[in-house]
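Notes for the one structure printed next.
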Amino acid sequence: MLEFALTLPIVVPIGMYAVELCNFGVRQLQLSQAALTLADNASRVGVDTNLATQQLREVDINEIIEGLRLQTRGLQLTTNGRVTISSLEMKDGEQWIHWQRCAGLKRGAGYDSTYGVEGAGGTAGTPFRGMGDGMTVKSPANSGVIFVEINYDYTPLISSYFIGTRKLKQVASFIVRDNREFHSGITNLAPAAEERMTCDRYTT
């Protein structure tokens, strides 16, 4: 009993720290998988046209975002963070962000895209060269890359005493799979979306 009493103040905090650290790693993994799934889905969706191409619609974007909400229901991702979907393309030989869509109540520095806003780049001589840190992601000619950013406030499982308050970030990118009509961007044809998830507003 004496030995147990002496070691308890040491063993319990170590065990609690280990549990918190495991939870932190699981959250990172969940966010990474969510970013990969969202980028993959956004690179595939669209409706076929008579020209053997695909048009991306607002309803398609809304559906994949709803799928993200269902996937991350336990994380409350759109309450505790913000998701940014960007279409990185090539315009006049230069990289540019053709469009962006966002989801999440968090907004501002640390939550919005850190790599550029909609319309960035596309002009010769500009410093914009792509998206991402380290090895920059670039779009190939006549195609596009879906780039997803997730910024999320980590909620400790036990206490912030162990690893502090953290803001987690995950990114993912996929080349667009199909012959998408890039010049038209995102259309809002029938069925028209009631809500456009643009990044200039708070989105749930």
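All of these numbers come straight from a predicted model, not from anything done at the bench.
Separation of atoms SG (C102) and CD1 (I61) is listed at 11.0 Å; rounding is to 0.5 Å. Between atom CD1 of residue I64 and atom OG1 of residue T37 there is a gap of 11.0 Å, rounded to the nearest 0.5 Å. For the atom pair D178 CG and Q54 CD, the distance stands at 4.0 Å (nearest 0.5 Å). Interatomic distance, L168 CG to L77 CG, rounded to the nearest 0.5 Å: 10.5 Å. Annotation: the span from T7 atom OG1 to E3 atom CD amounts to 7.5 Å, rounded to 0.5 Å. Remark: L56 CG to R180 CZ distance equals 4.5 Å, nearest 0.5 Å.
Here the closest heavy-atom approach between residue P156 and residue G164 is recorded as CG-O, 4.4 Å. Closest of all the heavy-atom pairs between L68 and T72 is O-OG1, 2.8 Å. Here the shortest heavy-atom pairing between R69 and M197 reads NH2-CE, 3.4 Å. In terms of heavy-atom proximity, A193 sits nearest to E58 at CB-CB, 3.6 Å. Contact between G116 and A120 at its shortest, heavy atoms only, is CA-CB, 4.4 Å. Taking each heavy atom of G144 and S139 in turn, the nearest pair found is CA-OG, 3.4 Å.
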Test log, rule side-chain contact (heavy atoms from CB on, under 4.5 Å), inputs V83 and L38: CA-CA 10 Å; V83 179; L38 183 60; 3.4 Å; yes
side-chain contact (heavy atoms from CB on, under 4.5 Å) between K138 and V145, intermediate numbers included: CA-CA 7 Å; K138 296 184 179 181; V145 172; over 6 Å; no
Under the criterion side-chain contact (heavy atoms from CB on, under 4.5 Å), I'd like the reasoning laid out for V171 against I150: C-alpha separation, chi angles, the key distance, then a yes or no. CA-CA 6 Å; V171 300; I150 295 180; over 6 Å; no
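You'll find the side chain of E118 stays beyond 4.5 Å of the side chain of C199, heavy atoms only. Within the 4.5 Å cutoff, the side chain of R101 has heavy atoms near those of the R196 side chain. Residues L75 and N80 fail the side-chain proximity criterion, which asks for heavy atoms closer than 4.5 Å. Side-chain contact between P140 and M90: absent, with no pair of heavy atoms (C-beta onward) separated by less than 4.5 Å. For the pair R82 and D112, the minimum side-chain heavy-atom distance is below 4.5 Å. Using a 4.5 Å cut-off on side-chain heavy atoms (C-beta onward), Y152 and K167 make no contact. Contact annotation: the side chain of T78 never approaches that of L105 to less than 4.5 Å [non-hydrogen atoms, C-beta and beyond]. Inter-residue side-chain proximity for I163 and L21 is flagged as met; some heavy-atom pair is nearer than 4.5 Å.
Partners of Q55 by side-chain hydrogen bond (donor to acceptor under 3.5 Å, both in side chains), not counting sequence neighbours, listed by chain and number: E181. Under the side-chain hydrogen bond (donor to acceptor under 3.5 Å, both in side chains) criterion, R57 pairs with D60, sequence neighbours left out. In this view, T114 and K169 satisfy the side-chain hydrogen bond (donor to acceptor under 3.5 Å, both in side chains) rule, not counting sequence neighbours. Every residue two or more places apart in sequence or in another chain that forms a side-chain hydrogen bond (donor to acceptor under 3.5 Å, both in side chains) with S43 is listed here: R177. Applying the ring pair (Phe, Tyr, Trp, His ring centres under 6.0 Å) criterion to F182, with sequence neighbours excluded, gives no partner residue.
The hydrophobic cluster containing I186 does not contain V59, counting ILVMFWY residues as joined when their side-chain heavy atoms lie under 4.5 angstrom apart, directly or transitively. A continuous path of Ile, Leu, Val, Met, Phe, Trp and Tyr side chains, each step under 4.5 Å between heavy atoms, connects V137 with F128, placing both in one hydrophobic cluster. In the hydrophobic clustering of this structure, Y17 groups with V19; members are Ile, Leu, Val, Met, Phe, Trp, Tyr whose side-chain heavy atoms approach within less than 4.5 Å, directly or through other members.
Just one of F174, Y115, W99 meets the ring pair (Phe, Tyr, Trp, His ring centres under 6.0 Å) condition when paired with F147; it is Y115.
By the 6.0 Å contact criterion, CD1 on I175 is open, its count of non-hydrogen atoms from other residues, nucleotides or ligands being 12 or less. Around atom CZ of R73, no more than 12 heavy atoms belonging to other residues, nucleotides or ligands sit under 6.0 Å away.
With 3.5 Å as the limit, one finds no donor-acceptor pair spanning the side chains of E149 and T84.
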Under 3.5 Å, which donor-acceptor pairs link side chains of residues 23-34 to any protein atom two or more places apart or in another chain?
| from | atom 1 | to | atom 2 | distance (Å) |
| --- | --- | --- | --- | --- |
| N23 | ND2 | Y154 | OH | 2.8 |
| R27 | NH1 | Q30 | OE1 | 2.9 |
| Q28 | OE1 | Q170 | NE2 | 2.8 |

